[in-house]
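For reference, the structure discussed in these notes is given below.
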Amino acid sequence: MVCRLSTRLLNICITSLCKAWQLEKAEVVLIDGIRLGYLPDVVTYNTLIAAYCRLVGVHEAYTVLRRMREAGINPDVITYNALIAGAARYRLLPLCLDLFEEMLQNDIIPDVWSYNTLMNCFFKSGQPVEANRIFRDMILSNVSPSPTTYNTMIDGLCKAGYSVNALRLFRSLQRHGFLPQLVTYNILINGLCKSGKLGEARMILKELGESGHVPNAITYTSVMRCCFRHGKFEQGFEIFLEMKGKGYTFDSFAYCTVISALAKMGKPKEANDYIEEMLRTGFGLDIVSYNTLINLYCKEGKLETAFQLLYEIEKCGMQSDEYTHTILVDGLCKIGDIDGAQRHLEYMKRMGFESNLVACNCLIHGLCKVGKVDYAMKVFENMELKDSFTYDSLVHGLCKARKFLLASKLLLSCLRKGMKVLSSTKRAVIAGLRSSGLRREAKELRSAIWMARILHW
DNA sequence: TTAGGGTTAG
């Protein structure tokens with residue numbers, strides 16, 4: 001009894017220290033505890049493993065598992081779930097699968113949490129088909145799905161571009177008596193908004209209103225962002241005011257949405273006013289908030305201030321991300337500092353950021369803007385991934401350089417891949433071919449555009 | 001120990 005009480009006390013201490021990010025102190029308490037006869041149990045080690053995953057890394061957490069075994073304590077399903085969640089946090093899909101396999105080999109039966117985490121990891125890694133396979137495995141293993149399972153499925157489907165299937169799943173669950181939670185509505189509203197299905201999003205929002213759930217800050221932010229994206233600025237700002245009135249502007253999410261919208265609208269003065277308001281509220285800025293500010297400074301051409309912020313981020317120990325550097329590359333391109341942009345791309349590589357499609361697109365656009373279209377072509381040829389932004393920028397650049405035949409060739413290869421390009425891009429190439437006396441080529445391009453429209457409808 | 005909102009390019 002005394003021993004069990006002591007272990008409980010030890011666990012309470014370790015849990016509090018882990019929650020306060022005091023991992024080193026938690027380790028000291030563990031060592032001192034053992035010395036004083038407070039014996040750790042599976043909960044002690046599970047707490048430490050979860051904390052290592054969250055604060056240090058999954059490999060370091062795995063060393064705790066070894067120590068746990070050395071202490072004669074067997075891991076359980078919670079131990080493995082924590083490790084799988086840790087691996088999923090760092091998108092280490094093969095490690096997630098290895099851990100799942102190791103769990104099975106140790107005769108530990110995976111539970112709904114294990115499957116949910118693995119499924120989510122597959123979705124986050126861009127593998128919706130595999131995620132669905134995990135869902136099926138779960139059913140075959142007689143593990144009952146939880147509301148989180150369905151929420152993960154709906155969210156994953158939306159993010160993978162299958163919002164229609166997500167809505168279908170939602171409806172079929174409802175028919176089988178599933179009562180959607182607020183989070184389910186939020187996932188679906190956000191997913192439908194992002195895929196441009198505004199009518200359906202509005203319908204779900206109406207159903208949410210009738211469901212008895214009260215829309216929260218997340219619901220409001222999703223809908224507000226959707227309004228801004230579709231040019232309904234007045235409605236967007238009305239939502240922001242309503243959020244303020246309800247006390248839903250307690251974090252940076254709503255502010256970042258509004259500031260970015262104003263930056264896009266070319267209203268830096270108003271955006272700066274909101275920045276000041278956000279800073280006055282006193283909540284700490286995270287990396288997305290910093291990125292929003294850097295983006296605004298870049299849009300204003302204030303690159304020095306933007307880099308000063310990057311310096312601040314790094315100085316306070318915060319990690320900059322792909323967005324931070326992509327925004328800076330774009331900012332440099334926009335002021336015509338192509339050398340600076342290329343240097344920053346190199347810096348990104350050195351920092352360990354993988355090849356970044358958006359940043360490369362910015363460079364191509366910047367090169368075309370300053371008339372270096374041949375160099376833009378070289379960058380294009382070396383790019384592994386290309387999207388409609390890549391083609392749009394380059395085709396426009398080629399038209400500007402009066403290289404209409406090459407522009408037409410690129411445009412066609414883009415259309416054949418089923419990518420959508422701007423109407424202005426198509427018009428520029430056809431008009432260019434005509435003005436150069438290439439009437440037959442212009443006619444052929446028009447037919448090809450027409451065919452592509454039918455094929456990829 | 002699992003799920004939801006904010007930041008980048010034509």
Side-chain angles (χ1 to χ4, degrees), chain A residues 46-47 49-50 53-54 76-86 88-89 111-121 123-124 146-156 158-159 181-191 193-194 215-226 228 243 248 251-261 263-264 286-296 298-299 321-331 333-334 356-366 368-369 387-397 421-422 424-425:
Chain A
N46 285 352
T47 309
I49 286 174
C53 284
R54 200 172 68 246
D76 61 7
V77 65
I78 298 176
T79 319
Y80 275 96
N81 285 352
L83 284 165
I84 294 170
R89 181 190 289 264
D111 64 5
V112 62
W113 290 65
S114 329
Y115 284 102
N116 287 351
T117 313
L118 199 55
M119 208 171 79
N120 189 38
C121 192
F123 272 127
K124 293 259 157 70
S146 65
T148 301
T149 315
Y150 297 126
N151 292 340
T152 306
M153 280 291 280
I154 294 170
D155 184 50
C158 284
K159 295 209 167 111
Q181 304 162 315
L182 177 59
V183 47
T184 324
Y185 284 107
N186 283 347
I187 288 170
L188 200 51
I189 290 168
N190 187 47
C193 281
K194 282 195 173 153
N216 63 5
I218 297 178
T219 327
Y220 276 88
T221 313
S222 300
V223 178
M224 176 171 70
R225 184 181 179 275
C226 187
F228 287 136
M243 286 185 80
Y248 283 168
D251 60 19
S252 56
F253 281 75
Y255 278 101
C256 287
T257 312
V258 171
I259 294 164
S260 301
K264 272 205 178 84
D286 61 5
I287 188 61
V288 179
S289 314
Y290 272 110
N291 289 345
T292 308
L293 303 194
I294 291 176
N295 183 41
L296 180 66
C298 284
K299 285 251 183 339
D321 64 9
E322 233 177 89
Y323 280 86
T324 323
H325 298 288
T326 308
I327 291 165
L328 286 166
V329 168
D330 184 45
C333 287
K334 288 246 165 51
N356 178 317
L357 175 64
V358 180
C360 288
N361 283 348
C362 294
L363 181 64
I364 287 198
H365 187 70
C368 290
K369 207 172 142 194
D387 65 2
S388 64
F389 282 80
T390 328
Y391 283 95
D392 263 315
S393 294
L394 194 53
V395 170
H396 269 291
V421 286
L422 294 174
S424 62
T425 309

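A, B, ... follow the sequence lines: proteins, then strands. Residue 1 opens every chain. The figures that follow rest on heavy atoms only: side chains count, while hydrogens, waters and symmetry mates do not.
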Inset, instruction - Answer with base, sugar-phosphate or nothing: what part of the nucleic acid does A:Asn46 contact at a heavy-atom distance below 4.0 Å? - result: nothing
Inset, instruction - Would you classify A:Leu182 as touching base, sugar-phosphate or nothing, given that sugar-phosphate means primed atoms plus P, OP1 and OP2, and contacts are heavy atoms under 4.0 Å? - result: base
Legend entry - Test item: side-chain donor near acceptor, A:Ser114 and A:Asp111, under 3.5 Å: yes
Inset, instruction - Give one of base, sugar-phosphate or nothing for A:Ser388, where a contact means two heavy atoms less than 4.0 Å apart. - result: base
Inset, instruction - Would you indicate what A:Ala50 reaches in the nucleic acid, counting non-hydrogen atoms under 4.0 angstrom: base, sugar-phosphate, or nothing? - result: sugar-phosphate
Inset, instruction - Verify whether one side chain among A:Thr219 and A:Asn216 offers a donor that lies under 3.5 Å from an acceptor in the other. - result: yes
Inset, instruction - Please determine, by modelled atom types, if A:Asn361 and A:Asp392 share a side-chain donor-acceptor pair under 3.5 angstrom. - result: no
Inset, instruction - Name the nucleic acid region contacted by A:Ser222, choosing base, sugar-phosphate or nothing; use a 4.0 angstrom heavy-atom cut-off, strictly under. - result: sugar-phosphate
Inset, instruction - Would you classify A:Thr221 as touching base, sugar-phosphate or nothing, given that sugar-phosphate means primed atoms plus P, OP1 and OP2, and contacts are heavy atoms under 4.0 Å? - result: base
Inset, instruction - Mind checking A:Lys369 for me? I need base, sugar-phosphate or nothing, with any heavy atom below 4.0 Å counting as a touch. - result: nothing
Inset, instruction - Could you tell me from which nucleotide to which nucleotide of DNA chain B, 5' to 3', there is an atom under 4.0 Å from chain A heavy atoms? - result: B:dT1 to B:dG10
Inset, instruction - Check every strand shown and say whether A:Asn356 touches a base, only sugar-phosphate, or nothing at a heavy-atom separation below 4.0 Å. - result: nothing
Inset, instruction - Check ring pair (Phe, Tyr, Trp, His ring centres under 6.0 Å) between A:Tyr391 and all other residues, then give those that pass, not counting sequence neighbours. - result: A:Phe380
Legend entry - Test ring pair (Phe, Tyr, Trp, His ring centres under 6.0 Å) applied to A:Tyr220 - qualifying residues, sequence neighbours left out: A:Tyr248
Legend entry - Side-chain heavy atoms of A:Ile78 within contact of A:Trp113, under 4.5 Å: no
Legend entry - Distance-only donor-acceptor check, side chains A:Thr148 and A:Asn116, under 3.5 Å: no
Inset, instruction - Please work out if A:Ser289 contacts a base, only the sugar-phosphate, or nothing of the nucleic acid, heavy-atom cut-off 4.0 Å. - result: base
Inset, instruction - Mind checking A:Gln181 for me? I need base, sugar-phosphate or nothing, with any heavy atom below 4.0 Å counting as a touch. - result: base
Inset, instruction - Indicate, with a heavy-atom threshold strictly under 4.0 Å, whether A:Thr292 touches base, sugar-phosphate, or nothing. - result: sugar-phosphate
